[in-house]
There are 2 protein chains.
Amino acid sequence: MQVILMKALGDDTRLAIFEQLCKRELTVTQLTERFDVSQPAISQHLRVLKRCRLVHERREGRFAHYRGRPEGLRPLINWLAHYQKFWPERLDTLSALLKTMPEGEKKR
Amino acid sequence: MQVILMKALGDDTRLAIFEQLCKRELTVTQLTERFDVSQPAISQHLRVLKRCRLVHERREGRFAHYRGRPEGLRPLINWLAHYQKFWPERLDTLSALLKTMPEGEKKR
DNA sequence: ACAATATATAAGTATTTTCTTATACGTTAA
DNA sequence: TTAACGTATAAGAAAATACTTATATATTGT
């Protein structure tokens, strides 16, 4: 369901975290430095983002490296494609393109 | 800001209302019949959707006809286009297409 | 082994959001 | 003109969400 995705990205802090993590992989501590909320708050946001696969955790000892997963946005794209019939013809090829977009892991 | 859009669409009832209104124009009363929340709740959801231009109100006497405005999704599309560089090359033309998509009113 | 570090979880509080009922306002029909 | 109808707004209750502090757990460096 794309409502879950919208909810996840509908919070300013969480959206900012996602955007950061799409630029570079960061640990929880590094994220905590960059935002003015507590470390637990960051962890909680990460859990939400992880639940809908918008971020990926790479454990390395006691460090948790997180990176953004833009592929996780796919359900949103798919949902939006439903509405392309309301947009100009120029975009008519969008859904075709989307249909052929692979499901699995993508290169970054 | 696309967070506002996400917030607006991040509620199940509101998303369902938007989807209904993209299919057909409906009055507040008709919407109230279709959902199991009170009429004021519907009006409040409509206000949120209207604020971010996801619906349009057509007044006709005491009736308020609402219809969905899928064009209002554009900020979302634009934002998503930022992430296309993380997607397969197949989609590389997406942003070009989006850039040329007109801003004004579109045909339905 | 022990202290320090990195993160997660628990529990509670504060804030925001969504709902309700009551009511106000404008429009139409009788 | 007045009663009924359609919708919006106000006010407050209920529910959901985002935060905090305290603490647990695991890992590393000394």
Side-chain angles (χ1 to χ4, degrees), chain A residues 1-22 24-69 72 76, chain B residues 1-22 24-69 72 76:
Chain A
M1 244 335 204
Q2 72 285 359
V3 192
I4 310 290
L5 264 184
M6 305 261 204
K7 267 200 230 291
L9 298 171
D11 175 84
D12 305 80
T13 306
R14 214 151 45 216
L15 178 66
I17 289 176
F18 172 71
E19 290 182 321
Q20 275 290 312
L21 292 179
C22 281
R24 73 195 103 263
E25 189 179 76
L26 291 171
T27 67
V28 177
T29 304
Q30 288 173 320
L31 281 169
T32 304
E33 288 161 3
R34 283 167 168 77
F35 294 92
D36 61 347
V37 292
S38 65
Q39 173 266 312
I42 297 285
S43 282
Q44 286 157 23
H45 282 309
L46 288 170
R47 181 162 48 163
V48 172
L49 292 171
K50 205 163 123 186
R51 231 191 271 126
C52 46
R53 310 206 57 199
L54 283 170
V55 300
H56 176 259
E57 181 190 346
R58 179 173 66 82
R59 269 282 164 183
E60 193 174 346
R62 56 183 160 175
F63 298 90
H65 302 266
Y66 283 90
R67 62 175 175 81
R69 289 189 72 257
L76 249 188
Chain B
M1 238 349 198
Q2 72 286 0
V3 192
I4 310 291
L5 264 183
M6 306 260 203
K7 266 200 231 290
L9 298 171
D11 175 84
D12 304 81
T13 306
R14 213 151 44 215
L15 179 66
I17 289 176
F18 172 71
E19 289 182 321
Q20 275 290 313
L21 292 178
C22 281
R24 73 195 105 263
E25 189 179 73
L26 291 172
T27 67
V28 177
T29 305
Q30 288 173 322
L31 281 168
T32 304
E33 287 161 3
R34 283 168 168 76
F35 294 92
D36 62 346
V37 292
S38 65
Q39 173 266 311
I42 298 285
S43 282
Q44 287 156 23
H45 283 308
L46 288 171
R47 181 161 51 161
V48 173
L49 291 171
K50 206 164 122 187
R51 229 190 273 127
C52 46
R53 312 206 56 200
L54 283 171
V55 301
H56 175 259
E57 182 190 345
R58 179 173 67 83
R59 269 280 165 184
E60 194 174 344
R62 57 183 160 178
F63 298 89
H65 301 267
Y66 283 90
R67 62 176 175 79
R69 289 188 72 257
L76 249 188

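Below, read A as the first sequence line, B as the second, and so on, with proteins coming before strands; counting in each chain starts at 1.
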Tabulated below should be each protein N or O lying under 3.5 Å from an N or O of nucleotides 11-18 of chain C; please produce it.
{"from": "dT18(C)", "atom 1": "OP1", "to": "D11(B)", "atom 2": "OD1", "distance (Å)": "3.4"}
{"from": "dT18(C)", "atom 1": "OP1", "to": "R14(B)", "atom 2": "NH2", "distance (Å)": "3.2"}
{"from": "dT18(C)", "atom 1": "OP2", "to": "R14(B)", "atom 2": "NH1", "distance (Å)": "3.1"}

Whole-Å distance separating the CG atom of D36(B) from the P atom of dT20(C): 8 Å
Any R47(A) side-chain N or O less than 4.0 Å from OP1/OP2 of dA18(D): no
Separation of dA6(C) P from L31(A) CG (nearest whole Å): 14 Å
Partners passing side-chain hydrogen bond (donor to acceptor under 3.5 Å, both in side chains) against E33(A) (at least two apart in sequence or in another chain): none
Member of K50(A), R47(A), H65(A) meeting the side chain to side chain donor-acceptor pair (under 3.5 Å) criterion with E57(A): K50(A)
For atom CD of E33(A) and atom P of dA6(C), their distance in whole Å: 9 Å
Nearest-Å distance for atom pair CD1/P, residues I42(A) and dT7(C): 11 Å
Polar side-chain atom of R67(A) near backbone of H56(A) as donor-acceptor pair, under 3.5 Å: no
Pairwise distance CG(L5(B)) to CE(M6(A)) - rounded to 0.5 angstrom: 8.5 Å
For R58(B), side-chain hydrogen bond (donor to acceptor under 3.5 Å, both in side chains) partners two or more places apart: E25(B), E60(B)
Residue-phosphate contact under 4.0 Å: Y66(A) side-chain N/O, dA8(C) OP1/OP2: yes
Integer-rounded Å distance: dA18(D) P and R51(A) CZ: 10 Å
Listed partners of R34(B) passing side chain to side chain contact (heavy atoms under 4.5 Å, CB included), at least two apart: Q20(B), R24(B), L26(B), Q30(B)
Between dA8(D) (C1') and H65(B) (NE2): distance, integer Å: 16 Å
Touch class at under 4.0 angstrom, heavy-atom based, for A41(B) against every strand present: base
Donor-acceptor contact below 3.5 Å, side chain R69(A) vs main chain R53(A): yes
Separation of dA8(C) P from L46(A) CG (nearest whole Å): 7 Å
Protein-nucleotide distance (F35(A), atom CZ; dA18(D), atom C1'), rounded to Å: 15 Å
Contact under 4.0 Å: S38(B) side-chain N or O vs dT20(C) OP1/OP2: yes
Contact letters for nucleotides 22-30 of chain C, in which S counts primed atoms plus P, OP1 and OP2 and B counts the base, heavy atoms under 4.0 Å: B----BS--
Donor-acceptor list for residues 35-43 of chain A side chains, cut-off 3.5 Å, not counting sequence neighbours:
{"from": "S38(A)", "atom 1": "OG", "to": "A41(A)", "atom 2": "N", "distance (Å)": "3.4"}
{"from": "Q39(A)", "atom 1": "NE2", "to": "S43(A)", "atom 2": "OG", "distance (Å)": "3.1"}

Least distance between heavy atoms, L54(B) atom then A8(B) atom: CD1-CB, 4.3 Å
